[in-house]
Protein chains: 2
Amino acid sequence: MNAEDIRTVLVVGAGTMGGQIALQCAIHGLDVHLYDVSAAALESGMARVGGYARHLIAEGRADAAVLQRLTPTTDLAAAAAAADLVSESVPEDPALKGQVFAALHTLCPPQTIFTTNTSTLLPSMFAAASGRPERLVALHFHLPVWDANVADVMAHPGTSADVVETVTAFARRIGQIPIVAGRESSGYVFNAMLSALIDAALRLVAGGVAEVADVDRAWMGVMKMPIGPFGIIDAVGLDTVWKITDFWAGATGDPQSRANADLVRGYIDRGRLGHKSGGGFYDYPDPAFQRDGFMDYEGR
Amino acid sequence: MNAEDIRTVLVVGAGTMGGQIALQCAIHGLDVHLYDVSAAALESGMARVGGYARHLIAEGRADAAVLQRLTPTTDLAAAAAAADLVSESVPEDPALKGQVFAALHTLCPPQTIFTTNTSTLLPSMFAAASGRPERLVALHFHLPVWDANVADVMAHPGTSADVVETVTAFARRIGQIPIVAGRESSGYVFNAMLSALIDAALRLVAGGVAEVADVDRAWMGVMKMPIGPFGIIDAVGLDTVWKITDFWAGATGDPQSRANADLVRGYIDRGRLGHKSGGGFYDYPDPAFQRDGFMDYEGR
């Protein structure tokens with residue numbers, strides 16, 4: 001199967017990522033089914049997608065009929081039967097992903113390509129369980145999918161070269177810059193670098209070297225970027241960053257990594273999850289780092 | 001002494017950093033002496049400074065008389081006697097820095113403030129040797145000083161609070177955003193983050209996960225920056241990055257850190273030091289990452 005033969009996409013999991021992937025495919029003319037096991041999750045996911053769509057239509061970046069190509073469904077069998085390509089965004093549990101793909105394997109036509117949007121796992125962890133390891137590959141997106149338009153393509157050792165090629169071309173077709181990994185590696189390419197940057201920023205604050213605003217000021221001042229690491233953490237979500245920092249603190253036993261995780265946890269425990277909760281390291285809307293004078297503060 | 005009482009600055013060491021610091025002070029109206037122990041180094045340093053000055057004057061960012069306020073000298077005694085503040089940029093050897101400050105201590109008035117631009121050492125390593133530890137503080141710049149206008153202010157435990165305050169205000173006076181460190185920490189604030197990012201980028205390539213151009217593409221595509229980590233390494237200089245990676249490989253014994261250092265070393269051994277040598281990870285001028293089509297390449 002070539003990328004241009006892909007007409008119908010099934011996105012499994014209607015969370016933030018699944019919804020954005022589904023919309024991105026619809027923007028690029030594909031017929032999309034968005035499935036979730038929970039009708040409530042599907043409803044709230046579609047509400048989010050509707051909001052994104054209105055915004056992108058208003059900006060002229062999506063056509064007015066985009067949502068007519070995106071069908072929410074809780075009928076997996078029907079959606080699977082029609083799918084040329086599956087994009088999976090269910091929770092980060094290798095056993096769960098294996099079960100989902102095994103079910104899809106019985107429901108999809110034999111040529112359907114399976115892609116996983118896993119952020120932290122490796123496709124080889126559930127390749128055998130999928131029933132069609134040679135047609136399974138990671139196709140991993142970044143948020144927001146239409147702006148941060150980079151997609152990792154990461155095969156496991158059993159993925160066929162044809163599938164890698166088709167999925168790489170498919171990524172381009174839906175407006176993504178494909179980054180093809182040379183081998184399986186947790187964290188892919190961009191996320192590996194972002195994690196390192198966030199880890200260094202947290203160390204500076206947890207270790208008493210610098211305050212949050214000074215860390216961002218230093219980054220923004222040298223890099224001439226409109227946002228620094230703590231602004232980025234607020235956008236990613238402190239809950240997500242905590243999961244990663246907590247995992248590494250446990251895996252390495254490094255006290256400094258634990259201090260990083262604890263720093264994030266302290267904000268979460270006060271309900272500060274970042275942009276989405278109205279506050280994280282900064283308050284939203286109108287965070288300090290976007291205000292005039294932030295860079296030439298008279299502070300301290 | 002307050003920051004506005006600083007009229008005359010002595011910059012010790014006419015390398016790239018010393019020359020840029022001297023020029024930045026002159027741009028902001030100070031009388032500057034630029035000293036180097038080597039007349040040849042001073043001459044080539046002043047040639048570089050002249051080039052920067054012409055460029056900044058042409059851009060309207062420096063007045064035509066800026067170089068009249070910047071005097072090269074090999075007479076340390078005379079320049080020291082006139083100095084309100086010293087900025088030291090000699091090679092990164094704590095014994096050498098201690099000797100230089102000890103000599104300056106005998107030559108400068110008692111109220112002269114000593115600042116070090118060390119990138120990797122801590123002021124406490126040569127505070128006692130300086131003869132005036134309470135008036136010694138790090139004031140650390142980033143290249144190019146007029147664009148990457150962030151300066152770390154880092155005291156050692158014996159620095160007086162008045163000196164920190166004066167030097168922080170002085171940094172603002174010469175157009176820098178001061179980042180005051182809460183404690184001594186090798187690598188300061190921005191450099192600690194940049195090192196982590198560069199380390200992660202090198203790991204991806206040395207470990208076979210991604211190619212150089214793909215690493216930069218991923219960073220540029222998500223961050224919407226005009227340069228990625230390998231473009232940044234080319235700008236910093238592979239020799240400088242190698243010194244840091246080699247130091248960490250030795251200090252940690254981590255084989256992956258050694259692989260990072262070896263990756264950089266391989267380029268250096270072929271004469272590829274980065275932008276300044278006409279080539280590093282990219283060829284200059286007109287590096288691939290600045291060309292149209294780099295982001296939507298059809299590569300691999």
*State whether the number of non-hydrogen atoms from other residues, nucleotides or ligands found under 6.0 Å of B:E134 atom CD is greater than 12.*
yes
*For atom CD of A:E184, decide whether the heavy atoms of other residues, nucleotides or ligands shown that lie under 6.0 angstrom number more than 12.*
yes
Considering all heavy atoms of both residues, which atom of [X] and which atom of [Y] are nearest to each other, and what is their separation?
| X | Y | answer |
| --- | --- | --- |
| A:A200 | B:A192 | CB-O, 4.0 Å |
| B:Y188 | A:L204 | O-CD2, 3.4 Å |
| B:L197 | A:W219 | CD2-CH2, 4.0 Å |

*Sorted by number, residues from residues 146-154 of chain A in contact with chain B (heavy atoms, under 4.5 Å)*: A:D147, A:A148, A:N149, A:V150
_Euclidean distance, B:I179 CD1 relative to A:D216 CG, rounded to 0.5 Å_ = 9.5 Å
*Hey, could you give me the CZ/CD1 distance between B:F294 and A:I177, rounded to the nearest 0.5 Å?*
9.5 Å
Report all side-chain donor-acceptor pairs from residues 227-239 of chain A shorter than 3.5 Å, counting only partners two or more places apart or in another chain.
{"unit_1": "A:D234", "atom_1": "OD1", "unit_2": "A:F281", "atom_2": "N", "d": "2.8"}
{"unit_1": "A:D234", "atom_1": "OD2", "unit_2": "A:F281", "atom_2": "N", "d": "3.3"}
{"unit_1": "A:D234", "atom_1": "OD2", "unit_2": "A:Y282", "atom_2": "N", "d": "3.0"}
{"unit_1": "A:D234", "atom_1": "OD2", "unit_2": "A:Y284", "atom_2": "OH", "d": "2.6"}
{"unit_1": "A:D239", "atom_1": "OD1", "unit_2": "A:K276", "atom_2": "NZ", "d": "2.9"}
{"unit_1": "A:D239", "atom_1": "OD2", "unit_2": "A:K276", "atom_2": "NZ", "d": "2.9"}

*Start with the C-alpha distance between A:V189 and B:R217, add both sets of side-chain angles, then the distance that settles side-chain contact (heavy atoms from CB on, under 4.5 Å), and finish with yes or no.*
CA-CA 10 Å; A:V189 175; B:R217 241 175 229 121; over 6 Å; no
_A:M193 versus chain B, the contacting section by heavy-atom distance below 4.5 Å_ = both
